[in-house]
Amino acid sequence: MYTIIDGKKVSSDIKLEIAEEVKKIREKKDKVPHLAAVLVGNDGASETYVSHKVKACEQVGFKSTLIRMESRITEKQLLDKIAELNDDQDIDGFIVQLPLPGHISEDKVIESVDPFKDVDGFHPVNLGKMTIGLPSFVPATPCGIMELLKRYDIETSGKKCVVIGRSNIVGRPVSILLSKKGVDATVTIVHSRTKNIEDIIRGAEIIIAAIGVPGFVKAGMVSEGAVIIDVGTTRVRSDKTKSGWKLKGDVDFENVAPKCSYITPVPGGVGPMTIVSLLQNTLRACKQKY
Ligand code: GUN
């Protein structure tokens, strides 16, 4: 029998803990943490993610500001807005929702965010600090994955862990966190150029699937008793939902789950944890300031 890792439940527990801290800060400092989000254009998925982030801020008592910019703005206009947010004393942390329109360099944008306000943890300074084990903002999804493993008491020390995908947002940072001292997993990253990818995944005791290919991980690729963390959130058409689409993970859940010891569902697994990690980073940014 397998256990479903309930990210929704864990994230609502953590939100209660955050709300308690917000209360204390409000009483002591007469202010609450303030997160700003910049949304360029109106990509459907980004709209949904950002609205979830704003809603989560309300739930824990944070102040939030949503800044919408049209997709045809210039790179300079976005960089000017970021400079403004860097200087705004009331804002503790902010994010620029990715992806950005093709004419704007994501690297330049990420590098222009003040590392002390970079609650996404994407700035090279934060990624560098994380890599050598210094305190830093850790990207939200990897941070959420680590929290789930911890709260479900899943042993990582000495475990063979395969991370599928090497993105800067998930695959690469989570592989670093899993291999660090104290976590101590033996980590392999596999990607589109990996040979014998199925054999390597089959050898894993912990699988982190983060490639964005719905249903990629099949039952035949998973060994008995594996722990599976599914980071995939691809929108696929569905005639069963009002919106006309539903989220599908990177794992063929129905057939894979019976072989696992633990598995995250999509939705309700990693997704809610990503948002709560962003709140934790913002709370930290606010506390650091005082
Ligand atoms: N796009 C997909 N995931 C993320 C995220 O965690 N932060 C930002 N800013 N954009 C994203």
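Order of listing sets the numbers, starting from 1, for every ligand and every atom in it. Keep in mind that what you see is a predicted model, and the values were worked out from it rather than measured.
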What are the two closest heavy atoms between Gly269 and Thr264, and how far apart are they? CA-CB, 4.1 Å
Are Arg237 and Trp245 in a cation-pi contact, defined as NZ or CZ under 6.0 Å from the six-membered ring centre and within 45° of the axis? no
What are the polar N/O contacts of ligand 1 with the protein below 3.5 Å, with distances?
| unit_1 | atom_1 | unit_2 | atom_2 | d |
| --- | --- | --- | --- | --- |
| ligand 1 | 1 (N) | Gln97 | NE2 | 3.3 |
| ligand 1 | 1 (N) | Leu98 | O | 2.9 |
| ligand 1 | 7 (N) | Asp120 | OD1 | 3.1 |
| ligand 1 | 7 (N) | Asp120 | OD2 | 3.3 |
| ligand 1 | 9 (N) | Val96 | O | 2.9 |
| ligand 1 | 9 (N) | Asp120 | OD2 | 2.6 |
| ligand 1 | 10 (N) | Gln97 | NE2 | 3.4 |
| ligand 1 | 10 (N) | Leu98 | N | 3.0 |

Among Ile189, Ile208, Ile201, Val187, which one satisfies side-chain contact (heavy atoms from CB on, under 4.5 Å) with Val162? Ile201
Do other residues, nucleotides or ligands put more than 12 heavy atoms under 6.0 Å from Lys218 NZ? yes
In Å, rounded to the nearest 0.5 Å, how long is the span from SG of Cys143 to CE of Met273? 8.0 Å
Decide whether Lys53 and Gln97 meet the rule of one side-chain donor and one side-chain acceptor closer than 3.5 Å. yes
